[in-house]
Each structure stands twice: as C-alpha cells, then as structure tokens.
Amino acid sequence: MTNSKSAPNWTVGMWPGIAIGMGLGVTLHNLLLGISLSLCLGVALSCALVAKRQTAEE
C-alpha cells in the first residue's frame with residue numbers, strides 16, 4: 001500500500017475524517033453510519049496525505 005519512504009499521516013487524516021463522518025451521521029440520524037464513515041474517510045485521508053519518513057541519511 002505504501003512504499004518504504006512514506007507512511008500514512010494518521011493525525012492529519014483521522015481528525016477531518018471523524019469530523020466529516022460524524023457530521024454526516026448526525027445529519028442523517030444514523031450513528032452507525034457516522035462511525036463507519038469516520039473510519040473509512042479517516043483511513044482514506046491518512047493514506048492520501050502521506051508523511052515523508054526520516055531516514056538515517058537525512
């Protein structure tokens with residue numbers, strides 16, 4: 001999924017995913033949908049906004 005030089009940026013990806021997913025879930029009056037959307041969007045954003053890993057040479 002990711003190469004050795006990049007890793008998912010969990011902090012930047014999960015917080016907006018939780019906010020958007022729970023916002024949609026509350027709007028549609030469905031808590032389970034909000035939780036599942038939060039997880040899906042959070043993981044997707046985390047993988048899309050990768051953080052560059054620090055190596056020994058840098």
#### Entry: Side chain to side chain, V12 and L49, heavy atoms closer than 4.5 Å
yes

#### Entry: Over all atoms of both residues, closest heavy-atom pair of M14 and L39
CE-CD2, 4.4 Å

### Query
Do L28 and L33 have side chains that get closer than 4.5 Å, going by heavy atoms?
yes

### Query
Which atom pair, heavy atoms only, marks the closest approach of P16 to G13?
CD-O, 3.6 Å

### Message
Just verifying a value: how many Å separate L32 CG and L37 CG, rounded to the nearest 0.5 Å?
### Response
9.5 Å

#### Entry: Test item: V43 and W10 side chains (from C-beta on) under 4.5 Å apart, heavy atoms
yes

### Task
Treating Ile, Leu, Val, Met, Phe, Trp and Tyr as nodes and any side-chain heavy-atom pair under 4.5 angstrom as an edge, say whether I35 and I20 lie in one connected cluster.
no

### Task
Look at the side chain of S38 and the backbone N and O of M22, then say whether any donor-acceptor pair between them is shorter than 3.5 Å.
yes

#### Entry: Separation between OG of S36 and CG of L41, rounded to the nearest 0.5 Å
9.0 Å

